[in-house]
Amino acid sequence: MSFFNIKGTVNPLTALAQFAKKPHTLRFPEVEVEAKDRYRGVHYNDLQACIGCGNCSTICMNEAIDMINIAGIDSSKGDTGLRPRVDNGRCCWCALCVEVCPTGSLSLTKDYIYVTEDADAFLWTPGVDNPEGVNLKSFVSSKEHSLNVYGRVPMKELVGMERVKSFAEVVLGYEEAEARLEASRCISCGICTEVCPEHMHIPEYINAIAAGKDEDALRIIYDNNPFPEMCGKVCTRRCEEVCAMTHRGVEDDPHDKGAIAIRWLKRYVTETAPTAERIKEIVNPEISESNGFKVSIIGAGPSGLTAGYYLALRGFDVTIYEALNKAGGMTMWGIPKYRFPMDSLDKQVEYMESIGVKIKYNTRVGVDIQFDDIYSNSDAVFLGIGYQKAWTLGIDGDDMPGVIAAVDYLREINGGGTLDVGNKVVVIGGGNVAIDGARVSARHGADVTILYRRRVQDMPADWEEIEGAEHEGITIVPQGIPVKFIAGDDGKVKYVRYLKAEMKVEKEGARPSPVAIEGSETDIEVTTVIGAIGQEADYSFIPESFKDKIEINRGRIITYEYNQTKDPKVFAGGDTVNKTADAISAIADGFQAVKGIVKMLLKEE
Amino acid sequence: MKQDRSTTLYLGPQHPGITGNMMIKLQLEGDTIVKATTHVGYLHRGFEKLIERRNWLQSFTILCRMCVPEPDPNEENYARAVEQIEGREVPERAKYIRVLVLELARLASLLLWYAGQPGSAGLYTMGQWSVGDRNYILDLFEELTGGRIYHMYIWPGGVRRDLPEGFGDRVLKVMDYLEKRWKDYDRLMFDNAIFQKRAKGVGIINPKKAREWGVVGPPLRGCGIKSDVRIDEPYEVYDKLDFQVPDMYKDGDVWSRALVRRFEFLQSISIVRQVIEKMPQGPVFNKIPNPHKWVVPKGDALVKTETVRGESAFYVVSDGSNKPRRVHLKGPAYIHGFTLLEDVLVGANLADVSFIMNSLGTCPPEMER
């Protein structure tokens, strides 16, 4: 550096050239500056797509989001009715809420200017307070970028034709690692809990499984369901239909829609306790001292056993009267063993008996013991008698040999009996019982056809049952109305004659109904026809005088709060009370009745 | 009465000449500093403690806030530490994008230094230029990440979103512009006789002490010592990129450090260009499990990045739960703001305090995590 630094004096002056240049700054607000396409400004929520799962609220570490009730949105099946409200004063604009939104309803917008001196005014309900945000969405959710895991861990099963060789269980269950992985997908929103008839603690036990605490999970499950293994295998799982994960899982998985496999997870947990002793060891229930009250339960089905189990825990003297030689009701006699093996059920019943539930087998009420005796010797009676009497088909020739009812057939087979159905079976009906009848016949080597009045998509049976039947080589003939059974030379049924039907919508918005096409008669050769069009209860054991006291309407017992009938001493549950015809509803009925009996007799909640 | 020639002066914590909310207690004799003591505590937000209560994903949104001018190395460090503990693979493209983001952040941060260094010597024009130019980088960040200052973009497993359509071209355009501007800056700042006079021979660091104390980054390189994590322990894809680390500026004064940064500015531009050119196609994110239940196995990891202020290290410990047990940041400012600053200030002129601080890159949020 010389004494006089010419470069150092002149060069900085070149900055003066900037006077001749255009400024870099924009004259805001005269010039509008639009944010870029991914900008993370204030939230916008599509209120219709949102299901109020609250996952945005849980992930927000600033506690900027809370879930509130808003006008015009009511809770419904699969929707809590709550919507997120954002405190824009707390938000750090990380957009994790967007990344974890299972439906993709939440997004951030290009809107970023809001000035007020009122701190409370920063509380916005996205979508309500900024409807214009719909056109400003910038940081949006997508399945590709979502942090939710949408794909279900696939369940291993026996392959189609391998199954019909035996009554081995079709579903093989999750391995430990698979269960952990599947459980870790759950976002614990609890929308499932609301639709479960029994309101099981689903997020809690799934969390326990994800954390590797299987014993905790089993204890949580036993809190309000004494039949986890049954539910883990054959539950109708309405919980999975509403799972938050279903909203974006449709493409890859049209049936389950990527719902968390709640049923299979429950199954996994129950399999970690292989014996009744082990269940008792893990659950280690607190059994109250005897309170001196005597409760009689008629029918050892899911509802009766549930009531019996929780009443016994509360110190009641419980006796269950069961007409047959095994407990379980329809889950024992109706569900084929490839779906729900015998030892699964036995283990649970054995555990119940070990905590003090007394079951009197082979005791048919009305024959071996009179209803009046039970009624007068008990402080409360629970009726869980189920629907075991099949409807007759009501078709010309339905009383001829070779025409049987599916429930009778299943009862015979499940009881270890043999009933030869021959090699050509037609099953009439489209519900789960029909499919069960068909798949059991197939396992006995028969060539099976299911004849159903409506279309396949109208079948009330579970989709996985229908699919399972198809995989096992069972033919489904939809839109076929049986009209006549024709006997062969031996007097046994030889042909089923049916008419083809077309689906017609008679009234706007009504369910299309089948209308027979004249002259379309077709005959199928059969060795046995199995009817499965519905069942009803058999109330013959109840004395006429008493039937008036407990209101029976169209085959069902009318119940009130806590499943109490008109006679305060009598409670009822299961298929005789509700129309859903599934085990979990029966369990819920039993559980409610326990609450009612405890309230009535012990005068406590 | 005894006469005392010394004055005690508290500089900060709200003084605009300070590089953030910290305070230095100065003992002066006349204009000359005889003792300097750093006082912190004005910016303590408890980041490290807060992280213990957040799950592994939630933590990443707070980490960037440990450094305003250059938040991305913190995100990258954390992500890499978690990946290391978990053994999670990161897609190649994501690594390139990470380097792109890191270098853009380095440029943005250097531009802030271009404002602060001459600004603290009274050359304010420079700051208006460089902060204006920094805005072009912030625009790029806004387009890429959705945020201008805090990007929350690099997370464990990769990055959040792929580059938008045509983003590379826009980056290159900004790089061309900045290279041109670099020459303007030279004329205004580095050629400037007054700046040179202020910078040369001021705030001299003793290389031996620097080594002993763990001084890193431009203060160390300004002593002629070649040290850069990107070369010494390459991370992401730095080993596949061609760039130089300066070791020719050996004076250890503010001027040398300024030259180091001036040199690195061009190097960063070159790295950005290479990254855009070499970036492969492919996924950018190796998906993590459901964040609520994401459990990182037991273990720990120590990772380092070269920030614009020097080597920044993260120590992350997992106890096998869904929350980090400990996330510890050792930023360069921790040494530069205490040990080094207190030493360098002795004998310096009062008017040079903030000038020296700017050259050391003292960053209070890094000192009090």
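Naming convention: chains lettered A, B, ... in sequence-line order (proteins, then strands); numbering from 1 in each chain.
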Does atom [atom1] of [X] have more than 12 heavy-atom neighbours, drawn from other residues, nucleotides or ligands, at distances under 6.0 Å?
{"X": "B:Arg325", "atom1": "CZ", "value": "no"}
{"X": "A:Asp37", "atom1": "CG", "value": "no"}
{"X": "B:Glu89", "atom1": "CD", "value": "no"}
{"X": "B:Arg53", "atom1": "CZ", "value": "no"}
{"X": "B:Ile194", "atom1": "CD1", "value": "no"}
{"X": "B:Lys250", "atom1": "NZ", "value": "yes"}
{"X": "B:Lys173", "atom1": "NZ", "value": "no"}
{"X": "A:Glu132", "atom1": "CD", "value": "yes"}

Most heavy-atom pairs under 4.5 angstrom with chain A, which of [options]?
{"options": "B:Met152, B:Arg148, B:His151, B:Glu142", "answer": "B:Glu142"}
{"options": "B:Pro164, B:Ser59, B:Gly132, B:Cys64", "answer": "B:Pro164"}
{"options": "B:Leu123, B:Leu57, B:Val284, B:Asn135", "answer": "B:Leu57"}

Check whether any side-chain heavy atom of [X] lies under 4.5 Å from a side-chain heavy atom of [Y], and answer yes or no.
{"X": "B:Lys293", "Y": "A:Ser188", "answer": "yes"}
{"X": "B:Arg65", "Y": "A:Cys92", "answer": "yes"}
{"X": "B:Trp155", "Y": "A:Leu147", "answer": "yes"}
{"X": "B:Gln196", "Y": "A:Asn5", "answer": "yes"}
{"X": "A:Ile59", "Y": "B:Pro291", "answer": "yes"}
{"X": "A:Lys36", "Y": "B:Asp139", "answer": "yes"}

Check your understanding: By a 4.5 Å heavy-atom criterion (distance strictly below it), what part of A:Ala183 contacts chain B: side chain, backbone, both, or neither?
Key ->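 Just the backbone, heavy atoms under 4.5 Å.
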
Review point. Which answer fits A:Thr58, side chain, backbone, both or neither, if we ask what part of it has an atom under 4.5 Å from a heavy atom of chain B?
Key: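 Both parts, heavy atoms under 4.5 Å.
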
Practice item. May I ask you to check whether B:His292 and A:Asn207 show a side-chain donor-acceptor distance below 3.5 Å? Key: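 No, because no side-chain N or O of B:His292 sits under 3.5 Å from a partner of the opposite role on A:Asn207.
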
Using non-hydrogen atoms and a 4.5 Å limit, figure out which bit of [X] sits close to chain A: side chain, backbone, both or neither.
{"X": "B:Tyr136", "result": "side chain"}
{"X": "B:Phe60", "result": "side chain"}
{"X": "B:Trp129", "result": "side chain"}

Review point. When only pairs under 4.5 Å are counted, which of A:Ala211, A:Ala210, A:Cys186, A:Ala35 shares the most heavy-atom pairs with chain B?
Key: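 Top option by heavy-atom pairs under 4.5 Å: A:Cys186.
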
**Study point:** Heavy-atom pairs under 4.5 Å with chain B, option from A:Leu96, A:Val149, A:Val100 with the top count
**Key:**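 Of the options given, most contacts go to A:Leu96.
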
Point to revise | Pair A:Cys94-B:Gln58, side-chain contact (heavy atoms from CB on, under 4.5 Å): steps then yes or no | key: CA-CA 9 Å; A:Cys94 65; B:Gln58 288 172 333; over 6 Å; no

Review point. So, the side chain of A:Arg40 versus the backbone of B:Thr145: is there a donor-acceptor pair under 3.5 Å, distance only?
Key: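 Yes: the side chain of A:Arg40 pairs with the backbone of B:Thr145.
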
Check your understanding: Any idea which heavy atoms bring B:Lys287 and A:Asn148 closest together, and the distance?
Key ->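 Of all heavy-atom pairs spanning B:Lys287 and A:Asn148, the closest is NZ-O, 2.5 Å.
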
Point to revise | Residues B:Arg161, A:Glu99; criterion salt bridge (charged side-chain N to carboxylate O under 4.0 Å, His left out); working and verdict | key: CA-CA 11 Å; B:Arg161 296 283 192 275; A:Glu99 311 278 37; 3.1 Å; yes

Point to revise | Nearest-0.5 Å distance that lies between atom CD in A:Gln18 and atom OG1 in B:Thr125 | key: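 Nearest 0.5 Å value for the CD-OG1 distance: 10.0 Å.
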
Check your understanding: Which distance, rounded to the nearest 0.5 Å, do you find between the CH2 of A:Trp93 and the OG1 of B:Thr61?
Key ->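 Going from the CH2 atom of A:Trp93 to the OG1 atom of B:Thr61 covers 13.5 Å.
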
Practice item. For A:Phe139 and B:Arg160, run side-chain contact (heavy atoms from CB on, under 4.5 Å): C-alpha distance rounded to whole Å, both residues' side-chain angles, the deciding distance at 0.1 Å, then the answer. Key: CA-CA 11 Å; A:Phe139 199 92; B:Arg160 277 173 90 163; 3.8 Å; yes

Exercise for review: Check the pair A:Thr14, B:Leu188 against side-chain contact (heavy atoms from CB on, under 4.5 Å), reporting the backbone distance first and the verdict last.
Suggested key: CA-CA 7 Å; A:Thr14 56; B:Leu188 183 59; over 6 Å; no

Practice item. Carefully, step by step, assess A:Arg38 and B:Leu144 under the rule side-chain contact (heavy atoms from CB on, under 4.5 Å). Key: CA-CA 7 Å; A:Arg38 279 181 195 168; B:Leu144 177 64; 4.0 Å; yes

Point to revise | Passing candidate, side chain to side chain donor-acceptor pair (under 3.5 Å) with A:Asn11, options B:Asp191, B:Asn192, B:Asp186 | key: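 Testing A:Asn11 for a side chain to side chain donor-acceptor pair (under 3.5 Å) against B:Asp191, B:Asn192, B:Asp186 leaves exactly one candidate, B:Asp191.
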
